[in-house]
S.K.: 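One structure, as structure tokens, below. Some questions next.
Everything numeric here is computed off the predicted structure, so don't read it as measured data. Values below: all heavy atoms of this structure, side chains included; hydrogens, waters and symmetry mates excluded.
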Amino acid sequence: MEVQAYGKLNLTLDVQGKRPDGYHNMQMLMQSITLADVLRLEKRGDAELRVQTSLSFLPTGERNLAAAAAICFWKALGQARQGLNISIEKHIPVCAGMAGGSSDAAAVLRALNAQEREPFTPLELARLGEQVGSDVPYCVLGGTALAEGRGEILTPLSPLPKCWAVVCKPEFSVSTPELFARIDHVRLRCRPDTRGALEALRAGDLHGVARRMYNVFEDALPHRQQLRVAQIKNALIQCGALGASMSGTGPTAFGLFDAISPAQEAAERLRDFSREVFLVQTIM
Ligand code: C5P
């Protein structure tokens with residue numbers, strides 16, 4: 001079985017405080033994009049679970065979130081684990097704030113659920129994903145959604161009007177737990193207008209959403225990295241982006257465009273900043 005695992009962008013991201021369990025309460029407007037990993041799942045004759053990816057430095061075996069998702073699925077079904085080879089062709093940048101690993105895990109959950117003739121509803125499957133990672137429930141459902149709590153409280157929203165996104169992953173990576181630790185100690189300059197963005201979305205107003213995009217993690221990045229993200233966002237705006245922001249815990253920055261030609265021009269310009277530049281579309 002072959003499945004696509006779509007990446008996501010955070011149109012808004014707000015951290016609303018640390019919880020007693022160590023996680024943070026979030027409020028995030030999430031959007032799926034066409035940039036996707038491709039997973040191939042193949043039954044094995046034995047009970048082994050093997051993961052291999054096109055990037056040699058990623059974990060194979062049970063430390064990979066895709067394997068964790070398969071284990072979680074069989075456990076929830078109350079069945080013995082079945083032998084499986086999962087091969088992942090990576091296209092979503094890694095450690096980039098685009099939920100690459102979570103989206104691979106979600107794709108495994110969806111594929112196994114389809115193979116077993118849908119024992120779980122999409123919402124039940126999303127709830128299962130919570131055990132694998134905070135972004136997995138959203139990745140199971142995809143589209144445009146508000147994610148709250150740890151990320152697992154999902155409200156599906158009317159789709160973002162069709163647009164293009166230019167996505168640029170600078171040539172450094174950030175550690176998600178490290179950035180969460182830093183955000184507890186930085187003074188946030190501003191917060192996203194999530195309510196305004198939701199109203200704009202309801203009205204089908206792409207410009208209104210794009211204008212309100214903001215991610216509080218930008219303030220938690222080390223100074224030099226923060227500057228790099230700001231340069232990328234400036235370049236995107238200069239090329240005609242309707243708005244620009246960082247996704248997740250970064251460092252990927254992106255801009256939204258309502259026409260393809262300025263988006264192509266922006267993608268061309270950003271190749272001076274990084275080799276990992278993508279021109280993608282949003283998915284409903
Ligand atoms: O849930 P997940 O394994 O994806 O989270 C990775 C790390 O990110 C957690 O260990 C935690 O440090 C941090 N995190 C958080 N609050 C969230 C989600 C993640 O503090 N809502």
S.K.: Has the side chain of Asn64 got a donor or acceptor atom that lies under 3.5 Å from a matching backbone atom of Pro59?
M.R.: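 Indeed, once roles are kept as given, a pair shorter than 3.5 Å links the two residues.
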
S.K.: With Ile88 as reference, evaluate Leu39, Val108, Leu58 under the side chain to side chain contact (heavy atoms under 4.5 Å, CB included) test and give the passing residue.
M.R.: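 Filter result, single survivor: Leu39.
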
S.K.: Measure the CZ-CG distance between Phe254 and Leu279 for me, rounded to the nearest 0.5 Å.
M.R.: 14.0 Å

S.K.: With heavy-atom distances below 4.5 Å as the criterion, would you say the side chains of Gln4 and Val38 are in contact?
M.R.: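 A side-chain contact under 4.5 Å exists here.
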
S.K.: With no hydrogens and no angle check, is any side-chain donor or acceptor of Asn85 less than 3.5 Å from a backbone partner on Val51?
M.R.: no

S.K.: Taking all heavy atoms of Leu270 and all of Ala235, pick out the closest pair and write down the distance.
M.R.: CD2-CB, 3.9 Å

S.K.: About how many Å separate CG of Leu206 and CZ of Arg211, when rounded to the nearest 0.5 Å?
M.R.: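 Answer rounded to 0.5 Å: 10.5 Å.
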
S.K.: Measure across Cys139 and Ala99 and return the closest heavy-atom pair with its distance rounded to 0.1 Å.
M.R.: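 Scanning both residues, the minimum pair turns out to be SG-CB, 3.9 Å.
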
S.K.: Looking just at side-chain N and O atoms, do Thr176 and Thr249 make a donor-acceptor pair shorter than 3.5 Å?
M.R.: yes

S.K.: In terms of hydrophobic clusters joined by side-chain contacts under 4.5 Å, are Val216 and Ile232 together?
M.R.: no

S.K.: Got a list of side-chain donor-acceptor pairs under 3.5 Å for residues 154-171, not counting sequence neighbours?
M.R.:
from: Lys169; atom 1: NZ; to: Phe172; atom 2: O; distance (Å): 3.0
from: Glu171; atom 1: OE2; to: Arg275; atom 2: N; distance (Å): 3.2
from: Glu171; atom 1: OE2; to: Arg275; atom 2: NE; distance (Å): 3.4

S.K.: Any donor and acceptor pair, going by atom type alone, linking the side chain of Asn10 with main-chain N or O of Met30 inside 3.5 Å?
M.R.: no

S.K.: Considering non-hydrogen atoms only, spot the tightest contact between Arg182 and Ala220 and give its length.
M.R.: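 Shortest heavy-atom separation between Arg182 and Ala220 comes out as NE-O, 2.6 Å.
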
S.K.: Rounded to the nearest 0.5 Å, what separation is found between the CG atom of Leu256 and the CG atom of Leu11?
M.R.: 6.0 Å

S.K.: Name the one of Arg110, Lys90, Arg40 that satisfies salt bridge (charged side-chain N to carboxylate O under 4.0 Å, His left out) with Asp104?
M.R.: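 One option only clears the test, and that one is Lys90.
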
S.K.: Just checking Phe180 against Tyr23, ring centres under 6.0 Å apart?
M.R.: no

S.K.: Would you indicate whether the side-chain heavy atoms of Tyr214 and Leu13 approach each other to under 4.5 Å?
M.R.: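 Answer no - side chains too far apart.
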
S.K.: Answer with yes or no whether the hydrophobic clustering places Leu29 together with Leu141; edges join I, L, V, M, F, W, Y residues whose side-chain heavy atoms lie under 4.5 Å apart.
M.R.: no

S.K.: According to a 4.5 Å side-chain heavy-atom criterion applied to Ile, Leu, Val, Met, Phe, Trp and Tyr, with indirect links allowed, do Leu77 and Leu49 form part of one hydrophobic cluster?
M.R.: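 Yes; Leu49 is reachable from Leu77 via cluster members.
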
S.K.: Can you find a heavy atom in the side chain of Pro262 that is under 4.5 Å from one in the side chain of Cys239?
M.R.: no

S.K.: Can you sort out the partners of Ala200 under side chain to side chain contact (heavy atoms under 4.5 Å, CB included), two or more places apart, ordered by chain and number?
M.R.: Asp205, Val209, Arg212

S.K.: Looking at CZ of Arg127 and CG of Leu109, how far apart are the two atoms once the value is rounded to the nearest 0.5 Å?
M.R.: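 Rounded to the nearest 0.5 Å, the CZ-CG separation comes to 13.5 Å.
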
S.K.: Please answer whether the main-chain N or O of Ala96 pairs with a side-chain N or O of Thr252 as donor and acceptor at a distance below 3.5 Å.
M.R.: yes

S.K.: Report, as yes or no, whether the 6.0 Å neighbourhood of atom CZ on Arg19 holds more than 12 heavy atoms from other residues, nucleotides or ligands.
M.R.: yes

S.K.: Is there a path of hydrophobic side-chain contacts, each under 4.5 Å between heavy atoms, that joins Tyr6 and Phe278?
M.R.: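 No.
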
S.K.: Can a side-chain donor-acceptor contact be found between Arg269 and Gln238 if the only test is distance below 3.5 angstrom?
M.R.: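 There is such a pair between these side chains.
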
S.K.: Determine whether Ser134 and Arg150 make a side-chain contact, defined as any pair of heavy atoms from C-beta on separated by less than 4.5 Å.
M.R.: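 They are in side-chain contact.
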
S.K.: Is there a donor-acceptor contact under 3.5 Å linking the side chains of Ser54 and Glu89?
M.R.: no

S.K.: Just verifying a value: how many Å separate Gln131 CD and Ile71 CD1, rounded to the nearest 0.5 Å?
M.R.: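 Answer rounded to 0.5 Å: 12.0 Å.
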
S.K.: Any chance you could measure Gln226, atom CD, to Phe217, atom CZ, to the nearest 0.5 Å?
M.R.: 13.0 Å

S.K.: In the structure I gave you, are the side-chain heavy atoms of Met98 and Leu9 within less than 4.5 Å of one another anywhere?
M.R.: yes

S.K.: Could you tell me whether the side chains of Tyr138 and Ser32 share a donor-acceptor contact shorter than 3.5 Å?
M.R.: yes

S.K.: Applying the 4.5 Å side-chain criterion to the ILVMFWY set and letting contacts propagate, would Leu221 and Met26 be lumped into a single cluster?
M.R.: yes

S.K.: Should we count CD of Gln79 as having more than 12 external heavy atoms under 6.0 Å?
M.R.: yes

S.K.: Are Asn113 and Pro119 close enough that some pair of their side-chain heavy atoms sits under 4.5 Å apart?
M.R.: yes

S.K.: Show your working on side chain to side chain contact (heavy atoms under 4.5 Å, CB included) between Thr60 and Thr53 and close with a plain yes or no.
M.R.: CA-CA 7 Å; Thr60 56; Thr53 79; 5.5 Å; no

S.K.: Which heavy atom of Gly248 sits nearest a heavy atom of Met246, and at what distance?
M.R.: O-CE, 3.9 Å

S.K.: With distance as the sole criterion, is a donor-acceptor pair present between the side chains of Arg228 and Gln231 under 3.5 Å?
M.R.: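 Yes, side-chain donor-acceptor contact under 3.5 Å.
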
S.K.: Keeping the roles fixed (side chain from Glu124, backbone from Thr121), state whether a donor-acceptor pair exists under 3.5 Å.
M.R.: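 Yes, because the side chain of Glu124 sits within donor-acceptor range (under 3.5 Å) of the backbone of Thr121.
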
S.K.: Is the closest side-chain heavy-atom distance between Leu188 and Arg191 below 4.5 Å?
M.R.: yes

S.K.: With Lys8 as reference, evaluate Asp135, Leu35, Ile33 under the side chain to side chain contact (heavy atoms under 4.5 Å, CB included) test and give the passing residue.
M.R.: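 The side chain to side chain contact (heavy atoms under 4.5 Å, CB included) with Lys8 is passed solely by Asp135 among Asp135, Leu35, Ile33.
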
S.K.: Considering all heavy atoms of both residues, which atom of Ala5 and which atom of Ile92 are nearest to each other, and what is their separation?
M.R.: O-CD1, 3.3 Å

S.K.: Determine whether Gln52 and Ser87 satisfy the following criterion, side chain to side chain donor-acceptor pair (under 3.5 Å), listing intermediate values before the conclusion.
M.R.: CA-CA 5 Å; Gln52 63 166 57; Ser87 113; 4.5 Å; no

S.K.: Is there a side chain to side chain contact (heavy atoms under 4.5 Å, CB included) between Gln27 and Leu146? Walk through the geometry before answering.
M.R.: CA-CA 7 Å; Gln27 196 172 41; Leu146 181 71; 4.1 Å; yes

S.K.: Can you list the steps and then say if Glu148 with Gln16 is a side chain to side chain contact (heavy atoms under 4.5 Å, CB included)?
M.R.: CA-CA 10 Å; Glu148 295 175 287; Gln16 302 186 312; 5.6 Å; no

S.K.: Is it true that Arg81 and Glu62 make a salt bridge, defined as a side-chain N closer than 4.0 Å to a carboxylate O?
M.R.: yes

S.K.: Is the shortest side-chain N to carboxylate O distance from Glu48 to Arg50 below 4.0 Å?
M.R.: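 Yes.
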
S.K.: Can you name the closest pair of heavy atoms from Thr12 and Pro192 and give their distance?
M.R.: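 For Thr12 versus Pro192, the nearest heavy atoms are CB-CB, 3.9 Å.
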
